[in-house]
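Written out below as structure tokens is the structure these notes cover.
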There are 2 protein chains.
Amino acid sequence: MRHDRDSVVDAALRILDEWGLPELTMRRLAAALEVQPSALYHHFANKQTLLAAVADRIQEAARPGPSPALPWYEATLAEAVNVRDALLAYRDGAEVVLSTRALGLGGDAAHERLAAALRRGHDPETAGLVATALLHLILGDASLAQQRLQADSLGAVAPGTPDASDPGLVFRLGVELLLSGLELAEQSARVE
Amino acid sequence: MRHDRDSVVDAALRILDEWGLPELTMRRLAAALEVQPSALYHHFANKQTLLAAVADRIQEAARPGPSPALPWYEATLAEAVNVRDALLAYRDGAEVVLSTRALGLGGDAAHERLAAALRRGHDPETAGLVATALLHLILGDASLAQQRLQADSLGAVAPGTPDASDPGLVFRLGVELLLSGLELAEQSARVE
DNA sequence: ACCTGAACACCGTTCAAGT
DNA sequence: ACCTGAACACCGTTCAAGT
């Protein structure tokens, strides 16, 4: 049986979700496809490029954007939840997207969603910057939350981890404070 | 020559700063100490535990805290800068702290600094939560900024990266919006 | 307490060669 | 275009044994 890039990414996503990122090796992926490890290098130049394709698929699986009628605050909040949910939908999804983005690989779907929502009420430059800050908060929070799931399942106890009783509390608080700070800055600029 | 845990961490920090996290292998560390790889397992149970000790040292190297006279807003801003600077002081420092924290290993020095500053103006529970949100923003932003340095030095071009012209712009904007959102929430609570 | 020597079970990647 | 087979240069970790 022969494969193309898409089917390789399919198999990679299945291994990622079932076994986690450390188990997603080129050799294991090749075995799942019943192929030699070297065959994978026909489809992707190296493992990082493959992971970038995986990251893109995780981001593109997010829910459709909010209704165009929603004002910027509510639209951005909704997109933040959409992005976070997409990252959490696959095991270790946040870490894959974080490291891919850090290396300058892969697409920009998550950032663009947040920026588009913010542009409903702000100039493009501000929207881009705030989208980046939001995305960093979401990526940092989601990868910590996700890796903690693993650590917990292995019996480890994390230090100072307020998320345990209400997962997502820090995320919601952080996003809402950031957006209300933005609203405040906008209002005081209008008064001047 | 014989070594203890501290001297092993010293050597690990030197390799980290000079060569980066991917090059910080147990075998390379052993070679730098002129010792067999297996000797390292006398000092640390495994590589993750060693990295946790490295992460603690990075966090503890932060500048002394702000003057006790400063109000919570300014004190927290100052500590956020201190924490970020400490993470950026060693190559890949943010990533080491992020992954260690995610696994529930290592200490909590950075979080505690932020929480202590916030407690100057807020109840301990709110201070803890906001400190976590701030730390996630800082860790996400710093590890992306740091890995981008590597990517850039290899000639890669990152997509949608507003930080290029002013490094730290997203960090400052994010932290200030978050804190002014908190100030706003506090004022409206006082009116009610 | 701290280390050696040797081994085990893996990695990512390359490359000539096949169909 | 897609893959095999074999190899290269690495990993983290274990364990009996040494001083």
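Excluded from the calculations below are hydrogen atoms, water molecules and symmetry mates; all remaining heavy atoms, backbone and side chain alike, are included. Fair warning: this is a prediction, and the values are worked out from it, not measured in the lab. A, B, ... follow the sequence lines: proteins, then strands. Residue 1 opens every chain.
Qualifying salt bridge (Lys or Arg N to Asp or Glu O under 4.0 Å) partners for B:E23, counting only residues two or more places apart in sequence or in other chains: B:R28. The ring-ring contact (aromatic ring centres under 6.0 Å, His included) search around A:H122 returns A:W72, not counting sequence neighbours.
Put simply, the side chain of A:R5 gets close to the backbone of A:H43: a donor and an acceptor are under 3.5 Å apart. For the pair B:R120 (side chain) and B:L70 (backbone), a donor-acceptor distance under 3.5 Å is present.
By the 4.5 Å side-chain criterion applied to Ile, Leu, Val, Met, Phe, Trp and Tyr, B:L184 is assigned to a cluster that also includes A:L184.
Using a cut-off of 4.0 Å between Lys/Arg side-chain N and Asp/Glu carboxylate O, A:E112 and A:R119 are scored as salt-bridged.
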Using a 4.0 Å cut-off on protein heavy atoms (strictly under), produce a 5'-to-3' string for nucleotides 4-16 of chain C with B for base contact, S for backbone-only sugar-phosphate contact, and - for none. BB-B---BBBBB-

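Base pairing in DNA chain D gives the following stems of 3 or more Watson-Crick or G-U pairs, range against range and under 3.5 Å: C:4-8 with D:12-16, C:12-16 with D:4-8.
Atom CG of B:L118 is separated from atom OG1 of B:T126 by 9.5 Å, given to the nearest 0.5 angstrom.
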Which atom pairs, one a donor and one an acceptor, fall under 3.5 Å between side chains of residues 56-66 of chain A and the rest of the protein, sequence neighbours left out?
| unit_1 | atom_1 | unit_2 | atom_2 | d |
| --- | --- | --- | --- | --- |
| A:D56 | OD1 | A:G107 | N | 2.8 |
| A:D56 | OD2 | A:G107 | N | 3.4 |
| A:R57 | NH2 | A:D10 | OD1 | 2.1 |
| A:R63 | NE | A:N82 | OD1 | 3.0 |
| A:R63 | NH2 | A:N82 | OD1 | 3.2 |
| A:R63 | NH2 | A:D85 | OD2 | 2.6 |

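Using C1' as the reference atom, D:dC15 and C:dC3 are 13 Å apart when rounded to the nearest Å.
In this model, the phosphate group of C:dC3 is approached by a side-chain N or O of B:H3 to a distance below 4.0 Å at OP1 or OP2.
Look at NE2 on B:H43: it is 12 Å from P on C:dA1, rounded to the nearest Å. If you measure from atom CG of B:D4 to atom P of C:dC2, you get 7 Å, rounded to the nearest angstrom.
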